[in-house]
Every structure is written in structure tokens, then in C-alpha cells.
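Since the structure comes first, as C-alpha cells, the remarks are kept for the end.
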Amino acid sequence: MSSYNPQQLEPQWQAKWEADGLYRQRIDSGKPKHYALTMLPYPSGDLHIGHWYAMTPSDARARFMRMQGYNVMFPMGFDAFGLPAENAAIKRSIHPKTWTYANIERMRGQLRSMGAMFDWEREAVSSDPDYYKWTQWFFKKLIELGLAYRKLSAVDFCPNCNTTLAREQVWGEDRHCERCGTPVIKKDLEQWFFKTTDYAEELLDFSQINWPERVKVMQTNWIGKSSGANVTFTTEQGDEMPIFTTRPDTLWGATFMVMAPEHPLVDKLTTPEQADAVLQYREQAQRLSDIDREAADREKTGVFTGAYAINPVNQERVPIWVADYVLMGYGFGAIMAVPAHDQRDFEFARKFGLPIIPVIQPESGPLDAATMPEAYVGPGVMVNSGEINGTAVSDDKGRKNPSIAAAIDWLVAHNAGDEAVNYRLRDWLISRQRYWGAPIPVIYCPEHGAVPVPDEQLPVMLPEDVAFTPTGESPLKFHEGFLHTTCPECGRPSLRETDTMDTFMCSSWYQYRYLSPHFTDAPFDPVEGAYWLPVDQYTGGIEHATMHLIYTRFFTKAMRKMGLVNFDEPMLALHNQGMVLGEDNEKMSKSRGNVVAPDDLVQQYGADTVRTYLMFFTRWEQGGPWNYDGIKGPQRLLQDVWEIGQYAYMPQQVDEQATRNLRRKTHQTIHKVGQDFQEFSFNTAVAAIMELRNNLNDAKRTRSVTVAAWNEAVDSLLLLLAPIAPHITEELWAQRGKPYSIHQQAWPQWDEEIAKEDSITLVVQVNGKVRDRLEVPADTAEEDMKAAALASENVQRYLEGKAPRKVILVKGKLVNIVS
RNA sequence: GGGGUGGUGGCGAAAUGGCAGACGCAGCGGACUUAAAAUCCGCCGGGGGUGACUCCGUGUGGGUUCGAAUCCCACCCGCCCUACCA
């Protein structure tokens, strides 16, 4: 018997699998397909234990599906554009390309040590010209479809990274940059946007996907649909001033209006007397950092413009104010203010002495505008509101609320407004003022404006001979050769766009590129697409709930419009894993010194043990702190499996009962582990395998089971463990003379008859408390079970001679006697 | 402030209406050993009892139920998302 030496055995099998193309994933129309996908890594330099935690269970499940008879695709690649590469270039004078590709090479090796079933022929790297050519092609398609546009807008800008950020990349209460933590500032720039808002409504429909509730809730909140009405106010100067409100029923209580400081009408409306004050306020608002501006508990500020608008429902003259609690980016950047029934408006009105008119009367009686301490937002009945007086007000939103329905009907009938919905979701800002990204394929001609680069000139190559400045300003801006070109339409000297695309653009469609990473006629080979798409099972971290996972859904809907796909959703099912923390229960980081390095662990324990431990130590979706002692459990498991697998079993004295017990356990375990894999319950699957191991250890000691029962148990053990620990199981499978490869075997069948218990422990309760336990044959009739329970000495004692009022029997489990 | 999610032995966790703590780590006792490691056997939520047993126990307080870690209500604590969104 040889000793278990994973450091030697694992690389050998990896090499053989690679040489045999065991994991080549090819179209096979004779089998059902399963596209399993794990989120692709950024090539940061080293494979982190977090990558292992995300990828090994995904791999194990993909392997399980393969054993279940599916033709499984499980690809891998790199999200290779992005800021860290550029920061490394600035800091250490390494070219981003050199840095990135060296990291990729290193990580490929580390990924191989994991023993996953990745098909490396399908590897895609988003920074390869072969790849970003199609990223650029998609950009052009989006322009053609009217889903991309250029706009001057105030955008979030990180002064440290020297680039704009998408709204989703601005984090925290202090609104800092996702990458470097610097508080962002607002900057007016010409930027490219994708019209994600076109699909706001469809993105709210999750009916075709089996995704975690959590993610659906987060996306729903992020999209932020609210329904109400658009109402057009008219200023005394004659300008139309549309507003959006969720409470059109309170229109009769609107006593003033508020515009965002950036609102385009501010200059026009402000009277000469108020001009100084308004100008000053606006400058102050602009200078104010977002931290201060967005603090919700901050006291309201604002200034009167001197202008008035007419409330269309009652022709009342209402003053127009400017205040920074109204945001330009939502709705129309202007609101009607109803201080009686909106807390923000109430605070503003109180501060500036503006009138308050209640239009909803609560059940407790009329509100007193002069003394009410806060806005009233509850139910009641409409008052002071002309024709809709007397309508009931409920807590419901939208038309379900009778008062809102009545108000909308009134607005439509009087041509003063329309029912409307509004979304919090904004269009996706994709321009980045950085070098290491896919260049935006646009040329600016003095005559023709923004002209997309013709297809035959794609990709617009990222020049490599660039000089980095410590400011982080994009070197593309200073690269003469890149910058100067001619207009594709008229040949006139023109300038290239120097911005690159947000890397989320690259990762929005990578699952398609994996199908055929070298295909030259289209983003992916339609033959491959017809077979493999869409993704059946996606796995990854919850942190992408509102970014990547919304973008890729948007992208797929846009691709449907392009005629590239005929389905609506990119990933049918999603499962989120948690995070591995350091032993100190903190997020792993170099500065904390709590980083667990997978390479060291593989060196010490072997990949199989690391894989098994990662799947065993906690519920996958939960995550938790790493524990160096805990890994001993899986280590012992594999050591035992090694010994069991090599043991030349000979029974000493065959015991029929022991044989039946082992067979029962074997079949129960097959059933349990299969179910657990199905449900991503990997920790309990490993636990079940450990139990079978315990039974096999007993059998090995007592030598009382038949050779057939022993072999059945051992072979099953190896097959069940194969997806989790692929190397050791392959080795033992071979040593036992079984056909290569264990990873091409079918999942073992379980037999319900064999798995069935022949006796059960009947728990006997009196009034819900356990008073006895009886071993009875599993096929005992219900009446006999009840009788046996009642006959129990302890039960009689607790019944104290009284007749039972009721006897409840739970089949196969318990009898509860109620006295 | 709003939304979500979680709270179970010394620790990681099982159990989603029916024996709380499967499986594992650590610990304790024993075997083997000159010794240690490894391995093997046993114990392992708390209190009481020589014992058969018994009482208490799943963040706190109520409720529903024959029966609640599990369902409902309120509260406390942790984590995540979001935040003047009209």
C-alpha cells in the first residue's frame, strides 16, 4: 500500500487530463446541455482563497451535472482591462499589458493546480484585440439601435483616478471612488451613455429567471419604479414647468415649487432682485461636496427666485424656489411642494415661512396648519381639493389609492397632466478617461461630428508605445499617432475619441465570447450559441447584484434587438456564494496580515483537501472565517479514503445484518449527496460522505460484510467524492482497476428498497414532552404503534390514570398523547 | 430613515412544524509508545440524581399549535444594500 502523496499525484493527473482533452467541451446533440458559469476573475496577480471558494464548488457542481448525464460547459477567462494595471504602470513603470499578461500567466498555473474542469480552449481574455474588437463592435451596434448616445452632463469624477465613474462605482455615505476611496467630485463632460433606462420595465420582470430573492430585491430597489403623474405647471413668464409626483392627489395642497440649482430654467426665471442671491446659492451648492449635500438630516437650504408659477388644478399663484434637496438627475429636476403631506417640503416651508394647506384629513379630525409638528402622510379623506373632495385616501401607492386614481382622472380630463411612471435607474455612463480599456471606436470630424469607426477598421488598437504621467491622465490624449486620423466619411483630418470603455462593458458579454473565443465573423459562433445558450447556472458574489448583473441583463436584451439571440435573459439560474474571511473574522487584506494563500495550502495539504475543506466548513452562500485547525477534518477524510480505497478487503465472518446496514447506508448516502449537490448544500454533502467513511472504517475493522457490499460502498464513496476531490478519486479508481476516467462515469443509482430503514425509533410524547423511545419495525401498522406507545410504562406514569384525549401519530416518527 | 438578511454547545455548523446540536474542529479520559506526533477506543450544552431518570436550554418578550430553533407580532444585537428619488 502506497502512502497518500497529493503533491505528486495531483499534477500527474492534471497533466493526463490535459493531454487527453478530458475536459474539452464539444457540442453533442445527443445529450442535454448544461452551461455552468462562474464569474471571471480580474488578473490581479495571485489567485486568492476567495477565488478558490467561489470556483471549486462551482466546478464540483459542474462535474456533478456531467455525471448526471449532461454535456457540461464550464469555461474560464480573464476580465483583463482595468485600473490596477495602470496604477501599477504609474507606480512601478511596468507597462499595463506586461503586468496584466504576466499575471494572467501566473493565474492560469494557479487555476490549473485547482484541478477544475475548465476547458482552456475556450478561454477568453477581454484585453485581447480579438476580444475587444467585438466589444467595440457592440458599442457601434448600440449606437445604430439608438441605445447609445453622447451627452454633456455633470458626472461623478474621481480626482485621484482621473476618470469618471458610473453611479454604481460611487460608494458609501461619503460618496467615494470604488477603487481608491477618494471622495468623488462633479464634473461637466461630454460622455457616452447606454440607454439602460429603455429596459427599466423589462428589467423588473424576473419571471424567467431563478435568481436569489435578495438579488431580485436589490435590483428592484435599484431600478426604483414609482408611479404617479406628470403635471405641467406654467410659469408667469409662460414657460412650461413639468414635474413628476407620486401624490397627484395632493396637488391642491401645493403651495410652492422647488427647482434643482442646476435646472435650466433657473437663470431665465430669476428676477433681477433675486439674481445675486440665486447665483450665490447655486455656486455654493456646486462647491458643496456631495458628502454635505446628501446628508439627509441636514437642515434645508434654499432661495426664492422671485418668480411664480400657476398651479393648474386651482390656478393658484405659487412661488418658485431653488433648493439643493431637489436633484437634477431625477424626474424633471423640479417638484411641486406640498408641505402638509411631505416631510421634506414641510421642513422647508417651516424654515422659510411658506404656507401650509392640508388636503388630507385624517380620521382624528382636521389638521391645523399652524400647529402640526410634521407632515401628515397617512390615510384619510380629501379636503380643500375641489372636485375630488371626499375621496378616500389609503396607504396604497399609485392607482390602487382611490384619491390618486381620482386625481389622475381629473388631470387627464382637464388636460393638465398624465399618469406616469418614473425610475430611479439612470442610463449607464461608460466613458472612462483611462488608457487600459477598450478604446471607444469613434472619430470626431469637424464636419460630420461623431463618426463611428467603420467595421473593417476594427479593432481600434490600443497603442502600446505610450508614456504614463503621475497624474493618471490618459496617455492616449498625448499620443499623436493615435489621436490624429481622418474622417471615415470625408477624409478630413479628425481626432479620435481618447476615452475607453467601462470594463463592465467587457464583462457584460463574456459568456458569449467563451463559446468561440477565436471566431472572426461575429462576437460568437451562432452554431455554438444555438446549442449552449443561455447560461443555465451562474455563480458569483452578491456584490455584483446591481452592477454587472444588471448590465449583462441589459446587454442580452440589446443583443436580442440586434438579432443575435432569441431569449430574454442571459443566466437562467444564479447562486451567490459568501466570502471567506480571515481567521480574525475580518475581511482578508494584506494590511491586516490575515490573508490565506491557496498556493501554500496546496503545497501543504494538496488541492483535494483544500477543495473539500472549502466546501465543508460553512454553508456556501454564507461564508465565514477561515480556520487552520478545521482543515484537519477533510484531511483525515481523504487519508481514510486513501486507505479504504487501497484496502484488500476480505471478510472474516459475514454478518447479514451488518451487510444490510452498510448497503443501506451506501444507498442513503448516494441519495443524500445527489440531493445536496442539486441544492448547493455542499457542506452537508461532505458530511454525508464522512458518515459513509465512518461506516466503512467500522466495516474494515469488523470485517463482517460481504465483499460485494464492501465494493459497492467503496466505489460509491469514490464516485460521490469525485466532483469534490477529483484527483484522489481518479487515482484510487484507477488502482481499483476501474475504467478511465472516474469523471466520465455516471452518478451511481440509489435503490429505495435498499435505502429503506427496517426499524424506526418511535418517539413517544405525552403532551408534547418526550417520555419514551420505542424501536419498532418500520412496517408496523399505525394502530399498533399507538397501542405500543400507550402501553409504555413511562407513558402510563405521566397519564396518571387519565384516558388520553387525543393521540397524534406522525408516520414513521412520533406519537404524541394528549391528556 | 427605508429594504434585506442573520442570531443554535468552547468553535464551524446540522435540523424549515415532530428526538435540538448530524458532520467536523478543539477539549477531556484511556490504549499504543522510552517519549512525542500520528493512529485507535470512549466522553463531550447546563443543572440535579448512586441510578432508571428528571428539570432547564436555539438573542429577549408575547402569540398560534397536540407539538415551535422553524410560523406570526413586538423588541434587542450583528452584517449587507440603499438613502432628500418628489
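- Nucleotides B:rA52 and B:rG59 place their C1' atoms 36 Å apart, quoted to the nearest Å.
- Separating the P atom of B:rG62 from that of B:rC56 is a span of 15 Å, rounded to the nearest Å.
- Side-chain atoms of A:T684 and A:S681 form a donor-acceptor pair, as typed in the model, at a separation below 3.5 Å.
- Using a 3.5 Å distance cut-off with no hydrogens or angles, the side chains of A:N401 and A:S403 do pair a donor with an acceptor.
- A:Y423 comes within 4.0 angstrom of no nucleic acid atom, judged by non-hydrogen atoms across all strands.
- Using modelled atom types and a 3.5 Å distance limit, the side chains of A:Y330 and A:S226 yield a donor-acceptor pair.
- Remark: the A:K813 side chain and the B:rC19 base include no donor-acceptor N/O pair separated by less than 3.5 Å.
- Within 4.0 Å (heavy atoms only), A:V818 reaches sugar-phosphate atoms of the nucleic acid but no base atom.
- Comparing A:T618 and A:A688 by the nucleotide of RNA chain B whose heavy atom lies nearest to each, the residue mapping closer to the 5' end is A:T618.
- Contact of the A:L411 side chain with the A:L251 side chain is registered, since non-hydrogen atoms from C-beta on lie closer than 4.5 Å.
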For RNA chain B, the dot-bracket pattern of Watson-Crick and G-U pairs whose distances stay under 3.5 Å, | for other-strand partners = (((((((..(((.....[....))).(((((.......))))).((((....))))..(((((..]....))))))))))))....
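- The distance from atom CG of A:N697 to atom C1' of B:rG24 is 15 Å, rounded to the nearest whole Å.
- With both ends at atom P, the span from B:rG42 to B:rG47 equals 24 Å, rounded to whole Å.
- B:rC25 and B:rA20 have their P atoms separated by 25 Å, with the value rounded to a whole Å.
- Using atom C1' as the reference point in both B:rC19 and B:rG45, the two lie 16 Å apart (nearest Å).
- Across B:rU65 and B:rG10, the matching C1' atoms stand 35 Å from one another, rounded to whole Å.
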Side-chain polar contacts of residues 623-634 of chain A - donor-acceptor pairs under 3.5 angstrom, sequence neighbours left out - could you list them?
| residue | atom | partner | partner atom | Å |
| --- | --- | --- | --- | --- |
| A:N627 | OD1 | A:D629 | N | 2.8 |
| A:N627 | OD1 | A:G630 | N | 2.6 |

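- Residue A:N794 is classed as a sugar-phosphate contact, given heavy-atom separations below 4.0 Å to backbone atoms only.
- One can place CZ of A:R701 at 8 Å from C1' of B:rC40, the figure rounded to the nearest angstrom.
- Rounded to whole Å, atom P of B:rC80 lies 17 Å from atom CD of A:Q577.
- Within the 4.0 Å cut-off from OP1 or OP2 of B:rC53, not a single side-chain nitrogen or oxygen of A:R797 is found.
- Evaluation of the side chain to side chain donor-acceptor pair (under 3.5 Å) rule for A:K665 yields A:E691 as partners, not counting sequence neighbours.
- Comparing the same atom, P, in B:rA37 and in B:rC28 gives a spacing of 11 Å after rounding to whole Å.
- A straight line from CZ of A:R771 to C1' of B:rU54 spans 8 Å, rounded to a whole angstrom.
- Within the structure, every side-chain polar atom (N or O) of A:K632 is placed at least 4.0 Å from both OP1 and OP2 of B:rC25.
- Proximity of A:Q343 to the phosphate of B:rC84: no side-chain N or O atom is located under 4.0 Å from OP1 or OP2.
- Taking the side chain of A:E691 as heavy atoms from C-beta on, and the options B:rA83, B:rA22, B:rC84, the nearest nucleotide is B:rA22.
- The nearest whole Å value for the distance from the CZ atom in A:R636 to the P atom in B:rC25 is 5 Å.
- In this structure, the NZ atom of A:K300 is 14 Å from the P atom of B:rA86, given to the nearest Å.
- For A:W222, taking side-chain heavy atoms from C-beta onward, the closest of the listed nucleotides B:rA86, B:rG18, B:rU82 is B:rU82.
- Residue A:D629 is in sugar-phosphate contact alone, with no base atom involved, counting any heavy-atom pair closer than 4.0 Å across all strands shown.
- Residue contacts for A:N683: at a heavy-atom cut-off of 4.0 Å it reaches the sugar-phosphate backbone alone, with no base atom in range.
- Residue-to-nucleotide proximity on RNA chain B shows that, of A:Y330 and A:R214, the 5′-proximal contact is made by A:R214.
- Side-chain polar atoms of A:D418 and A:N230 form no donor-acceptor pair below 3.5 angstrom.
- Rounded to whole Å, the separation between the C1' atoms of B:rC84 and B:rC79 comes to 26 Å.
- No side-chain heavy atom of A:W620 sits under 4.5 Å from any side-chain heavy atom of A:M615.
- Anti is the classification of B:rG47, since its glycosidic angle lies more than 90° from 0.
- Looking at heavy-atom distances under 4.0 Å, A:R773 makes contact with a base.
- Checking A:Q622 against A:Q577 by side-chain atom types alone, no donor-acceptor pair falls below 3.5 Å.
- No option in A:F616, A:F677, A:Y53 other than A:F677 meets the ring-ring contact (aromatic ring centres under 6.0 Å, His included) test with A:F682.
- Contact annotation for A:N694: backbone-only contact, meaning every heavy-atom pair under 4.0 Å involves sugar-phosphate atoms and none involves a base.
- Here the P atom of nucleotide B:rG78 and the CG atom of A:L581 are 17 Å apart, to the nearest Å.
- Distance OH (A:Y628) to P (B:rA26): 16 Å, rounded to an integer number of Å.
- At B:rU82, none of the side-chain N or O atoms of A:R424 fall inside 4.0 Å of OP1 or OP2 (strictly under the cut-off).
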